[in-house]
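Input: a single structure, listed below in structure tokens.
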Amino acid sequence: MRHFLSAVLLACTVLVTPAARAADVTRTATGIPLDAPWKVTVYGLARKTFLHPAWGWQHSERDYQLAVEVARGDGLTVDTDVLFAAAMLHDMAAYPPYEKKGMEHGDRAAETSEPVLRDAGFPMQKYPAVQAAERGHMFYSNAGTVPEAIALHDADSLDFLGTVGAARIIALTGEQKPDMQAAIKTLRGFVHDIPPRLITNTAKRMGAQRAAELTALLDQLQTETYGNTI
């Protein structure tokens with residue numbers, strides 16, 4: 001009996017422990033498959049370096065998930081390798097040593113992501129599409145015609161709307177700001193400026209819903225603060 005129990009315990013260790021470890025390293029926090037070694041490397045860089053409440057690695061993950069959803073909804077054929085690389089690195093110019101004063105951060109990402117991806121083992125024949133997506137990701141940018149750039153543009157735009165958009169921008173106020181007025185003004189501007197710039201029909205539908213959600217939140221905030229005195 002003792003030998004039998006020992007064999008069972010050993011089998012459990014062999015069967016359960018590797019599976020648990022694999023689950024830890026093969027998917028991101030939101031469930032994106034890390035199905036290539038270069039993705040593990042790039043994601044590790046993002047988790048270690050891109051730390052910010054508004055445009056940190058969590059925003060990058062949401063952008064990827066939204067881009068896939070938008071592409072699927074509009075029937076866009078996209079390369080998920082390109083989307084992953086661009087989503088994870090599109091805001092890298094916000095962080096040292098990649099930042100460059102006076103240069104638009106999407107353009108800077110299109111410069112600085114090349115050695116990062118090359119060293120990670122990314123299939124570099126796909127890199128021009130990554131650059132296009134990085135350059136065109138902001139809502140005010142021209143996304144061009146590359147499908148991955150269109151999907152990332154709309155995804156990044158959507159993440160400025162809704163409850164998550166409010167959380168991101170209000171998080172920028174911090175202890176050094178006298179109030180939230182600038183953040184609220186920015187969010188009201190997003191409601192006005194972003195929906196007309198969305199490209200895909202899927203993002204337009206999602207954007208209308210998120211804009212309404214954000215407007216309702218801001219209106220309620222104004223009511224609860226007796227005229228937005230916060």
Side-chain angles (χ1 to χ4, degrees), residues 25-52 54-100 102-160 197-200 202-203:
V25 299
T26 58
R27 290 187 179 273
T28 70
T30 62
I32 303 168
L34 296 175
D35 50 8
W38 70 264
K39 290 184 180 179
V40 176
T41 299
V42 170
Y43 186 63
L45 171 68
R47 288 292 300 260
K48 179 181 179 181
T49 308
F50 305 155
L51 306 176
H52 194 277
W55 45 78
W57 62 268
Q58 299 95 328
H59 163 64
S60 296
E61 289 212 33
R62 292 193 301 271
D63 269 12
Y64 176 88
Q65 299 281 23
L66 283 166
V68 170
E69 186 175 352
V70 164
R72 184 182 298 118
D74 265 48
L76 294 176
T77 301
V78 294
D79 187 318
T80 53
D81 285 350
V82 171
L83 276 184
F84 185 89
M88 289 298 152
L89 300 177
H90 72 284
D91 281 339
M92 65 188 298
Y95 307 91
Y98 311 110
E99 59 190 347
K100 186 175 182 179
M103 187 174 187
E104 208 287 322
H105 73 285
D107 293 334
R108 178 63 174 165
E111 286 185 353
T112 55
S113 60
E114 191 273 340
V116 170
L117 290 172
R118 186 180 298 280
D119 291 348
F122 178 77
M124 294 304 290
Q125 70 274 16
K126 301 180 180 184
Y127 186 62
V130 175
Q131 288 182 302
E134 290 169 337
R135 289 195 175 104
H137 76 269
M138 286 297 294
F139 70 89
Y140 51 71
S141 299
N142 179 4
T145 59
V146 175
E148 294 85 3
I150 292 170
L152 186 62
H153 170 276
D154 279 5
D156 195 75
S157 301
L158 289 171
D159 207 48
F160 281 115
R197 297 173 185 263
L198 295 169
I199 302 168
T200 63
T202 301

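Fair warning: this is a prediction, and the values are worked out from it, not measured in the lab.
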Within the structure provided, determine whether [X] and [Y] are in side-chain contact (heavy-atom separation under 4.5 Å).
X	Y	answer
V116	F122	no
L89	Y98	no
E99	M92	no
I32	V68	no
R62	T30	no
M88	F50	no
S60	H90	yes

Non-hydrogen atoms of [X] and [Y] that approach each other most closely:
X	Y	value
R197	F139	CD-O, 3.3 Å
P147	L76	O-CD1, 4.2 Å
H153	A143	CB-CB, 3.8 Å
V42	A120	CG2-CB, 4.1 Å
L34	K39	CD2-O, 3.8 Å
E61	A29	OE2-N, 3.4 Å

Working for side-chain contact (heavy atoms from CB on, under 4.5 Å), residues L158 and L198: CA-CA 8 Å; L158 289 171; L198 295 169; 4.2 Å; yes

Could you walk me through whether E114 and Q131 pass the side-chain contact (heavy atoms from CB on, under 4.5 Å) check? CA-CA 9 Å; E114 191 273 340; Q131 288 182 302; 5.7 Å; no

Aromatic ring pairing F160/H59, orientation class (parallel under 30°, perpendicular over 60°, tilted between):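 Tilted.
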
Under 30°, 30 to 60°, or over 60°: which ring-plane class applies to F84 and Y43, parallel, tilted or perpendicular?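 F84 and Y43: tilted rings.
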
From [X] atom [atom1] to [Y] atom [atom2], the distance as rounded to the nearest 0.5 Å:
X	Y	atom1	atom2	answer
H137	S157	NE2	OG	9.0 Å
R27	D35	CZ	CG	8.5 Å
D91	D63	CG	CG	7.5 Å
Q65	D159	CD	CG	11.5 Å

For [Y], does its backbone N or O pair with a side-chain atom of [X] as donor and acceptor, under 3.5 Å?
X	Y	result
R47	W57	no
D79	D81	yes
T112	R108	yes
E148	L83	no
D154	I199	yes

Do you see a donor-acceptor pair shorter than 3.5 Å between the side chains of S113 and Y127?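 A donor-acceptor contact under 3.5 Å links the two side chains.
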
